[in-house]
Amino acid sequence: DGGITQSPKYLFRKEGQNVTLSCEQNLNHDAMYWYRQDPGQGLRLIYYSQIVNDFQKGDIAEGYSVSREKKESFPLTVTSAQKNPTAFYLCASTPPGGDTDTQYFGPGTRLTVL
Amino acid sequence: AQSVTQLGSHVSVSEGALVLLRCNYSSSVPPYLFWYVQYPNQGLQLLLKYTTGATLVKGINGFEAEFKKSETSFHLTKPSAHMSDAAEYFCAVFGDFGNEKLTFGTGTRLTIIP
């Protein structure tokens with residue numbers, strides 16, 4: 001089965017600790033995205049990557065970092081510099097070719113910082 | 001810059017009644033428009049999208065949306081609500097030139113009354 005996987009589904013961390021969220025896809029998609037979702041605010045773009053070894057800041061990149069060493073993987077690190085990290089994090093990807101406007105989402109990771 | 005406004009953060013309808021979720025957009029170029037649905041603690045699933053051509057777009061689960069350029073609207077409708085339609089719905093617009101990414105509205109939570 002092809003798809004986007006995010007792990008873990010629930011994650012708890014103490015304040016001041018860095019934490020890395022996993023996003024993997026086996027769809028052969030080129031572009032990948034990280035969003036943060038907070039109640040009543042919709043989805044906000046953190047980082048995105050259109051090709052391997054390249055990524056761009058989104059609207060709320062401060063306190064986050066990413067890497068794109070493999071086409072299939074786009075991990076997100078929430079650093080201690082992120083002031084309010086508790087949120088639902090969603091990863092997405094888009095296929096190559098003519099359908100690059102359509103994003104397909106993973107199931108999400110809910111991060112709670114204690 | 002592109003933007004999306006969803007009128008009504010919460011909408012309640014009776015089972016069997018018409019569902020109408022409102023979305024207005026702003027874009028400096030002909031927009032690509034999307035509706036996504038999110039069930040609790042899950043990722044987003046594409047309902048339908050408009051790119052070019054026919055302005056009435058049919059999606060999954062009996063939903064449809066009509067692109068009205070004169071009103072800058074892309075409202076989502078379903079003739080008869082089902083209990084399984086209870087979810088959060090997001091409207092999104094795909095980017096202006098040089099800003100090829102999705103911008104989401106803040107979402108509308110749909111409740112179905114038995």
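In what follows, every chain begins at residue 1, and chains take the letters A, B, ... in the order their sequences are listed.
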Spell out the residues in residues 54-89 of chain A that have some non-hydrogen atom less than 4.5 Å away from a non-hydrogen atom of chain B, in order of number; otherwise answer 'none'. A/Asp59, A/Phe88
Do B/Leu44 and A/Tyr104 touch side chain to side chain, with heavy atoms closer than 4.5 Å? no
Examine A/Phe105 and A/Trp34 and state if one hydrophobic cluster contains both, with Ile, Leu, Val, Met, Phe, Trp and Tyr joined whenever side-chain heavy atoms are less than 4.5 Å apart. no
So which part of A/Gln6 gets closer than 4.5 Å to some heavy atom of chain B, the side chain, the backbone, both or neither? neither
Shortest non-hydrogen contact from B/Phe90 toward A/Gln37: CZ-NE2, 3.2 Å
Distance-only, no hydrogens or angles: does the A/Tyr33 side chain make a donor-acceptor pair with backbone N or O of B/Lys101 under 3.5 Å? no
Would you say B/Trp35 ends up clustered with A/Leu43 if hydrophobic residues are merged whenever their side chains have heavy atoms under 4.5 Å apart, either directly or through other cluster members? no
Contact origin within A/Leu45 toward chain B - heavy atom pairs under 4.5 Å: side chain
Rounded to the nearest 0.5 Å, what's the gap from CG on A/Asp38 to OG1 on B/Thr106? Could you check? 12.5 Å
Please determine whether the number of non-hydrogen atoms from other residues, nucleotides or ligands lying under 6.0 Å from atom NZ of A/Lys9 exceeds 12. yes
CZ/B/Arg22: more than 12 non-hydrogen atoms of other groups inside 6.0 Å: no
Does a side-chain heavy-atom distance below 4.5 Å link A/Leu90 with B/Gln38? yes
Report whether B/Leu47 and B/Phe74 are members of the same hydrophobic cluster (ILVMFWY, side-chain heavy atoms less than 4.5 Å apart, transitive linking). yes
Find out whether A/Gln103 and B/Tyr36 are in side-chain contact, i.e. whether some heavy atom of one side chain is under 4.5 Å from a heavy atom of the other. yes
Quick check on the hydrophobic clustering: are B/Val4 and B/Phe104 connected, directly or via other members, by side-chain heavy-atom contacts under 4.5 Å? no
In the single-linkage hydrophobic clustering (I, L, V, M, F, W, Y; side-chain heavy atoms under 4.5 Å), do B/Phe94 and B/Val57 co-cluster? no
Under a 4.5 Å cut-off applied to non-hydrogen side-chain atoms, are A/Thr102 and B/Tyr32 in contact? no
